[in-house]
Each structure stands twice: as C-alpha cells, then as structure tokens.
S.K.: 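Before I ask anything, here is the structure I am working with.
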Amino acid sequence: MDVPEKPTLDGIEEKWTARWAEVDPYAFDRAAALTAPREQVYSIDTPPPTASGSLHVGHVFSYTHTDIVARYQRMLGKHVFYPMGWDDNGLPTERRVQNYYGVRCDPSLPYDEGFQPPEKPGKDQLPISRRNFVELCEQLTAVDEAAFEELWRRVGLSVDWSNVYRTISASSRATAQRMFLHNLARGEAYAQEAPTLWDVTFRTAVAQAELEDRERPGAYHRISFHGPAGPVFIETTRPELLPACVALVAHPDDERYQPLFGSTVRTPLFDVEVPVVAHRLAEPDKGSGIAMICTFGDLNDVTWWRELQLPTRAIVGWDGRVLADPPAGVPAGPYAELAGKTAFSAQQRIVEMLRESGDLDGDPRPITHQVKFFEKGERPLEIVTTRQWYIRNGGRDADTRAALVARGREIHWVPEHMRHRYENWVEGLNGDWLISRQRFFGVPFPVWYPLDEAGEPVFDQPILAPEESLPVDPSSDVPAGYTEEQRGVPGGFAADPDVMDTWATSSLSPQVASGWDTDPELFAHVFPMDLRPQAHDIIRTWLFSTVVRSHYEFGAVPWSHAAISGFVVDPDRKKMSKSKGNATTPIDVLEKYGTDAVRWRAAGARPGADSPFDEAQMKVGRRLAIKLLNVGKFVLGLGASASSSADLVTEPLDQALLARLGVVVAEATAALDAYNYTRALEVTEAFFWQFCDDHVELVKTRAYGSDEAAASAQAALALALSVQLRLFAPVLPFVTEEVWSWWQTGSVHRAPWPVAGELPSGGDPAVLLAAAETLAAVRKAKSEAQVSMRADVATATVHAPADRVPLVEAARVDLENAGRIATLSVVPGDGPLTVDVELAETPPDA
RNA sequence: GGGCGCGUAGCUCAGUGGUAGAGCUCUCGCCUUACAAGCGAGCGGUCGCAGGUUCGAUACCUGUCGCGCCCA
C-alpha cells in the first residue's frame, strides 16, 4: 500500500505514459491471439489521420471514443488488435511539402542526389524531380507522424505502438498494387478514355465523392442561334463554350420546339451547323427551355453527348485554358480570339464579340447557381476527356449497386440511422469510382505499355507487374523483357504516369493493418475486423470504398461494426476545422484540464451526435478525476485493502451498497456492449457521486473502528473502490491507474472487467435509499437553519411508511453518526418518508 | 427538391404510455480531520406548435414550424 499524502493530477500523464511505454500493457500478443478462438480477438480498423493535417479537439474526441471501446474489450479479456496508421500519401502531403519547402514537382527533371531543400521557401517554387519531391514528402511526413504519436500517447490511446502503418509504406504500396491487379484480373478495374471532372489548379481528375457544390454568381446570356425560320434563342451561363457546341436540346414534350426537332441551326460567330435534338433531361422551365450542348460544360452535357451520340468538340485543356487549336470544323478566325484564355477571360471576350455581331439579346441576367468544385479546390471544375482508371462501384450497374447496399445491411451501425447515409450515397452514384490521379506522391499503377513504331502507347496491351515484384514504381522499374534504354522510345515501353487516389489505398486499411500482404496467418485471424470507427463525413468515401474493396476480394464486409462519431462543433454549431479557423488546439486543453478531464467530456458525446465544445465542461471532468484521487486515498486510509473479502460485508447498509453497485455494473456492461459508452459513464458516475456523498459519509465513523462492523465497512468500501476504478478505467485511464497502483498489482487496464458475480448477493438496495433520504432530510434542516453539517441534532423523528421502517432501522447507527443525532426515533406514518429535526442548543461560548 | 437527425430548465443533455430529470450556471449557507479544486440546500420547464390514438401523451401517429447534416 502506497497512498500519497497529497494526491494530485499534476504530472500524472507523464508518469503513466512513460510507464506504459515501458511495460506496454496494450501490446497485442500475436502468438496468444492466434491460438485463441476468433471471438476472443477484437480488431479495430483505426482511421489513419492525414499526416499533413493537424489534429484538433474533434479528433481527440473521436479517437477517445474508439479507445474507450478498445479498453473495455481488453478488460473483457480479449486480445485487442488496435493498430495506428498515418495517411501520408496523396495530395494533402504534396501541398504541405510545396508550401513548407517552396518546391514543386517537375517529373521531367532528373534526380538530384545531393539535393537539399532551401532553408526558407523562396518566392517562386523551385522545380525538383519527382524522386526528390517524393523524398521530401517522406521526410516531412515522418516528422509530422512523430508529433502525432506523441499527442496520441498523451491522450492515452491504448494503441499497440509496435503496429503502426503508413499509407505510403512499401507494404501499403504492395497491398494497393496487388489489390488493383486482382480487381483488374476480375474485370472490376478498367481504364477508359472519357470525359472526366477535372481540377484545373491541381491538374488532376477528381472523383464524385470529392465533389462539393458551391453557390457562385453567374449570369444567363441570351444568345441567338440562326435557324432557317429565324433566330432560336438559348440561355447559357457559359457562353465561352459556344465553339464547343455540338447541338441544341429541348424536352421532347416541349411544344415550342417541336417544329425544330430534326432540323439544324447555325451557331453565331462560328457559323457551325448543329442539330436540334430532344432529350428528357432538358428542362422546359429553365431559361428559354432550349439549351446548347457543349463538350463539355457540365455532367448533363456528358449524358447528352453519350446518349445522343454527338460529336466531340473539346476546347478546354488540362490547365483550364482554351486550347490553341479549334476542334475540327470550327473556323480558326473567331476562335483565335479565345485561344489560350482562361474560362473567365474567354467569357468576357466572347460576350463582346456577341454584342458586336448582334447575337447577344439584351444584357446578361445575373443569377446565383450551384457550381461543382473539387472539395479541396478553389476553381470550378471543368470536364476534360482523359484516360483514367476506374473501379466499378455500382454507379453504372444496378446489380453491383444492390449487392453493395446489401453489404451495408450486414454491418451493425452505431448509431443505426447512419446506414441511411451509406444507402443514399450508393443509390445516388452516377458513375464508377475514378481512382487515378495525375499527381506524384501516391501509389503508382503497376502498369507499363508497349510503344508502337510511332512511339504511341498501346493501351490495350498493358504490361502488368508480376505480383511477386510488388511494390513497383513503373517510372523507375523496367518491365520484364525490356531494358531501361527502351523507356520512352518507339518500340520500347512507357510507364503508366498516374498514381492512385488516397482513398484507393486507405480503402485497404483493414488489409494493410492486418497483414493481408505480410502476415496471412494474422490476417486470417483478425479479418473481417470487429470495428470501423470514423466520422460521418467520410461514409461516402472511406467507409464505402472499403466495403467495395472487401466485397470484391473477400465476398464479405470488412468489419462487423461501424461506429460513427459526430463532430465537435463551435458555439455556432459549425464543424471545427482548421480551415475555418475555429479549431481548438488539443494540447492546450489537455494541459489545462488534464487528459482524463478531456476524455471524460469526449465520452459525454454520444455516437453520431455532434457536440459543442465548451471549456466549462472540462472542469467537471477534472473534478471527477480529483474526487477519485481523494476518495481513493480516504478509503485506503481506513484500512481497506486488496485482500478485503466480500465475506466480511455483514452490515445491511454495506450489503445494500454492493447490491446497488451490482446493478450499475450490469447496466454499464450492457451499455458498452451496445457501444453506448456515454450511458455507461452516466450510470457509473451517478453511482460514484452517491457513493462519495452518501455512503462514505454514512459509514465513515463506523469504518474508523476495529470491530466486525468496521471490517464490514472497510471491505465494502474496498470492493466498491475496486469495481468503480475498473468501471471508470476505459474513460479515465490515468487517474484510475494511479489509484489502482496504490494498492493493487499490475495495471487496471489489464484487470478483469467487473461482473456482478464478484459482489456479495442478497443485499437490499432500498436500505441505502432509505438511509440517504433520511440523511438528506437532516441535512436540509441544517442547511435551512444555516448551521454547519457538524451541528448536533437533539432529536430526529423519522416518519416512514411501515414497510420502510426496518430499512431505516437497519442503518440506525450510521445515521446517528453521520447526522450527529442524539436521539433517533423511527415511527410508522401514512405519507412518504419525512423527518422532524430538532437541533441541539448551541453552547453560548462554543 | 429527396433523405436523415434534432427541438425538454439560462446552457449542455438524459428520459419514460402513469406526479418532469442530471450536470453546469445562478442564489443562500457551511472551514466538515478524503477532498474549500470541497460539502449542503434552493431557484428554475404548459417537454417547438396543432390535431389524433388512449382512462391518461413530453413519449405513439399525422400534420406543421424551426435548426443541423448529407445528397440532388
């Protein structure tokens, strides 16, 4: 027994973080787990935070939620497989490296072996080779990840720190490439040249899941096309696409345009002949009801182009500027006025030209409308025809869609209603999953192409890397049968230039973390995993894509449970995020209130529910942690010990306490089994405060003694403390470990989760209730008399319903002590329990 | 426009077909030998609104208003 004189929370995180790093109570025992039945293993598909980002209080909350579950499962005796990952590949890292070092990747440059980044980023970005760029990405993420790990240890996450993965590691790259090859072999992945949503800033394709609609000002321009029977007016927000016009379209039922269907009109300025066609997607109420179809202004254009088999007249390039040369059949004269311009200035110029030619009817009519953006981008998306890799996700196939919806129903969602998010998304898909990105820091496609005599790639004869060679980098590795000298020369080969989108790797987090590629025996034992914890904003991306990959490869869902955390929001209910500037830095809060206090607050946020950040709440958690220290010290100072036996608990009030605690244990356990950590904490905490304020106060005088009644009190207090420390342990890992260490051996986090069976049966909780009610009445009398709780009571008369009289009698001695009551009488009465209190005269010179 | 969630005390949130709950805030009181970073007591709500089911609705149903999120 080693109880400090003055218990404190100060330094408790440093102390136990260091200790845990030493003894590692959270280590996953692979050998033992492999011999245990699967249900004795609990595996968690930890979300890998974006290494280039920053962690705020919202992250701390949601990772704490997962940690509570992990700690609970561990105390149940399971082998908890709880890895950590860092998502370090992809665009966010590229952007961070560009800004941090002031560089940019130019794949045409050769590798510079001795390259050192500038001390300070220069005014202009320094172009460096792809390999140098990737090296900087790796360096910087390693630094970022070390900082993340330190924070997570401070938060007390019971992660197995020997099992950390990175989405850019060789193993992750091999996994992503191998899975891609499997998808390709089964026809689930394919490449296609097609119109694609395109971010002109990052110069990459983006997927449907990365889109965001934003309100932007625009204007309807009323433009006349030249028909045989006079002008046909269309209204468009993008007049600059006029040279890309391939048809006009109206709704088939629109009577105004019936005569025009099947005929042709000529475009203004360019005088190109285009057909007038009918299609159900044309909206009669919008503008003049007839629209121009351009290749490509928006997704409707793509649909029309595809379904109506229209020609292609692309005018927007990868950089978002109007191409230098006009499409076939479009006269070069007026086009030259637009060539090389951005969409914005091309629009200004063409409006001038239309005014001059008299084809603009009236002034443009300003509107605001929804425009599609890349969620990380700042300029509206264009649609550019490019060759891209896709994975089928049901967006073009009802059977796959139905199968994926069915998979979603195999998952146990917490909370249940989050399933709708998943189903809505799957059912709303309108295309396959575009996984290729025209970027640098990512997993390359393990593919080369032979080059024909003209030096053009033969796309339909891809050279695939053999699985045993993975991971490969086709831009530096050479396919079998070729030599490096043949790279890029006619008759030689060329690498697929793209990398996979981040989600294409992180969708394999269960496989990466569980050793699909490196430890098949382990993988077989922890997959499908038990839990996917994540926030609701990435159900459409991370969660869905993980289901897709698992569905194809294993014909199974990747986990049995998906626990969805809400956001931490600011007082205006806006999501906390760094970009909004309303994010709270976690380390300050952790230092100010202590980790346990912050975790306590986190545990108060129910699964799926957003919760406002309020510092005042942290104080309450801190108070709880301090209370645990103090009551622990007190109970142990009374002589309670780890060897106290339940058999010693003979007093009815003590038995009542433990009976009540047994109910709490059952409720908390049921709540945690249902992933309702909030409820578990609530019932534990409510009991705890009653334990401190009522039970301890009632028995403390008796417990000071050395007779059988004292032994009963001490044993009950010891049992109650032990059970409560364990109930609190998942939420408050530091303070519970501290108090546990005063009198127990080993870590509380390896102690068995409490069960009602370890508490004596037969007690009547009503005794405690009746005693507490009586004590409250006495306290109220003292409070109203404005005297100290130590004030003596001459007589107290309890009027209780007849059946409660024995309950009060059972606690008589404790009540007399706690209330300082000289004469306590208990008489049967008619109404509810009341107490007449007569205070003793205060000695005049006391 | 479609989907989902939420409206209960000043704030944050529980809750149940049978007399409205907790914590925080606020007010009053108490130095009580575990804790004044504490303890005791008190103030505070026609449970968003309107119908319906029911002996009885804050809870169940319908509608409606407001807020939030997701998707068009």
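These numbers come from a predicted model, not from an experiment. In the text below, chain A, chain B and the rest are named by the order of the sequence lines, each starting its count at 1.
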S.K.: Fit a plane to each ring of Tyr422(A) and Phe544(A), take the angle between them on a 0 to 90° scale, and name the class: parallel (under 30°), tilted (30 to 60°) or perpendicular (over 60°).
M.R.: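 Correct class here is perpendicular.
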
S.K.: Can you tell me how far P of G23(B) sits from CD of Glu685(A), to the nearest Å?
M.R.: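 Distance, rounded to whole Å: 10 Å.
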
S.K.: In whole Å, measure the gap between the C1' atoms of C13(B) and A20(B) for me.
M.R.: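 C13(B) and A20(B) have their C1' atoms separated by 15 Å.
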
S.K.: Round to the nearest Å and state the distance from His417(A) atom NE2 to C4(B) atom P.
M.R.: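 Checked: the NE2 to P distance equals 11 Å.
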
S.K.: What does the B/S/- profile of nucleotides 65-72 of chain B look like, 5' to 3', with a 4.0 Å heavy-atom cutoff to protein?
M.R.: ----SSSS

S.K.: Without decimals, in angstroms, what is the distance between Arg679(A) CZ and U16(B) P?
M.R.: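 After rounding, the reported distance stands at 8 Å.
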
S.K.: Please state the C1' separation for the pair U64(B) and G10(B) - nearest whole angstrom.
M.R.: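 27 Å, rounded to whole Å.
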
S.K.: Pairs of donor and acceptor atoms involving the side chains of residues 424-434 of chain A, under 3.5 Å and at least two apart or interchain, shall be tabulated with distances.
M.R.:
from, atom 1, to, atom 2, distance (Å)
Trp425(A), NE1, Arg540(A), O, 3.3
Asp432(A), OD1, Asn393(A), N, 3.3
Asp432(A), OD2, Tyr190(A), OH, 2.6

S.K.: Please give, in whole Å, the distance from G3(B) P to Ile539(A) CD1?
M.R.: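 Rounded to the whole Å, the gap is 18 Å.
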
S.K.: Which dot-bracket string describes RNA chain B (Watson-Crick N1-N3 plus N6-O4 or O6-N4, or G-U N1-O2 and O6-N3, all under 3.5 Å; [ ] crossing; | other strand)?
M.R.: (((((((..((((....[..)))).(((((.......))))).....(((((..]....)))))))))))).

S.K.: Within 45° of the six-membered ring axis of Phe634(A) and under 6.0 Å from that ring's centre, is NZ or CZ of Lys700(A) located there?
M.R.: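 Judged by the rule, Lys700(A) and Phe634(A) form a cation-pi pair.
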
S.K.: Distance check, P atoms only: G56(B) and C43(B), in whole angstrom units.
M.R.: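 Here G56(B) and C43(B) have their P atoms 32 Å from each other.
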
S.K.: Could I get the full list of side chain to side chain donor-acceptor pair (under 3.5 Å) partners for Asp814(A), not counting sequence neighbours?
M.R.: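 Residues passing side chain to side chain donor-acceptor pair (under 3.5 Å) with Asp814(A): Arg702(A).
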
S.K.: Could you work out, with side chain to side chain contact (heavy atoms under 4.5 Å, CB included) as the rule, every residue matching Ala729(A), not counting sequence neighbours?
M.R.: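 For Ala729(A), the residues satisfying side chain to side chain contact (heavy atoms under 4.5 Å, CB included) (neighbours in sequence not counted) are Met75(A), Thr736(A), Val748(A), His749(A).
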
S.K.: Under the rule for side chain to side chain contact (heavy atoms under 4.5 Å, CB included), what residues qualify as partners of Glu215(A), not counting sequence neighbours?
M.R.: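 In terms of side chain to side chain contact (heavy atoms under 4.5 Å, CB included), with neighbours along the sequence ignored, Glu215(A) is linked to Thr368(A), Gln370(A).
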
S.K.: Quantified in whole Å, what is the C1' atom distance between nucleotide U58(B) and nucleotide C6(B)?
M.R.: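 Roughly 15 Å separates the two C1' atoms.
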
S.K.: Under 3.5 Å, is there a donor on one side chain and an acceptor on the other for His799(A) and Thr834(A)?
M.R.: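 Distance-only check fails for His799(A) and Thr834(A).
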
S.K.: Output all residues satisfying side chain to side chain donor-acceptor pair (under 3.5 Å) with Thr678(A), sequence neighbours left out; order by chain, then residue number.
M.R.: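 Result, side chain to side chain donor-acceptor pair (under 3.5 Å) vs Thr678(A): none returned.
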
S.K.: Can you tell me how far P in G68(B) sits from the matching atom in G15(B), rounded to whole Å?
M.R.: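 24 Å, rounded to whole Å.
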
S.K.: Tell me every residue that passes salt bridge (Lys or Arg N to Asp or Glu O under 4.0 Å) with Lys372(A), counting only those two or more places apart in sequence or in another chain.
M.R.: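 In terms of salt bridge (Lys or Arg N to Asp or Glu O under 4.0 Å), with neighbours along the sequence ignored, Lys372(A) is linked to Asp213(A).
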
S.K.: Residues two or more places apart in sequence or in another chain: which of them pass side chain to side chain donor-acceptor pair (under 3.5 Å) with Arg804(A)?
M.R.: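 Only Glu773(A) meet the side chain to side chain donor-acceptor pair (under 3.5 Å) criterion with Arg804(A).
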
S.K.: Phe613(A) CZ to C24(B) C1': how many Å, rounded?
M.R.: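 The answer, rounded to whole Å, is 15 Å.
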
S.K.: Within the 4.0 Å limit for protein heavy atoms, which parts of nucleotides 25-41 of chain B are touched? Write it as a string from 5' to 3', B for base, S for sugar-phosphate only, - for none.
M.R.: ---SSS-B-BB-BSSBS

S.K.: Looking only at atom P, what distance separates G21(B) and G45(B), rounded to whole Å?
M.R.: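 Each nucleotide's P atom is 14 Å from the other's.
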
S.K.: In whole Å, what is the span from the CE atom of Met618(A) to the P atom of U12(B)?
M.R.: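 So the two atoms are 15 Å apart, to the nearest Å.
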
S.K.: Specify the separation, in whole Å, of atom CZ of Arg601(A) and atom C1' of C11(B).
M.R.: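 So the two atoms are 12 Å apart, to the nearest Å.
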
S.K.: Can you tell me how far C1' in G2(B) sits from the matching atom in G17(B), rounded to whole Å?
M.R.: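 Nearest-Å result for G2(B) against G17(B) at atom C1': 33 Å.
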
S.K.: Expressed as a whole number of Å, how far does the P atom of U12(B) sit from that of G48(B)?
M.R.: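 So the two P atoms sit 15 Å from each other.
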
S.K.: With sequence neighbours left out, write down each residue that passes ring pair (Phe, Tyr, Trp, His ring centres under 6.0 Å) with Phe687(A), or none if nothing qualifies.
M.R.: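 Applying ring pair (Phe, Tyr, Trp, His ring centres under 6.0 Å) to Phe687(A) gives none.
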
S.K.: Check the distance between U12(B)'s C1' and Arg606(A)'s CZ and give it to me in whole angstrom.
M.R.: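 Rounded to whole Å, this separation is 12 Å.
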
S.K.: Asp610(A): which residues meet the side chain to side chain donor-acceptor pair (under 3.5 Å) condition with it, sequence neighbours left out?
M.R.: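 Scan of Asp610(A) (side chain to side chain donor-acceptor pair (under 3.5 Å), adjacent residues dropped) gives His536(A).
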
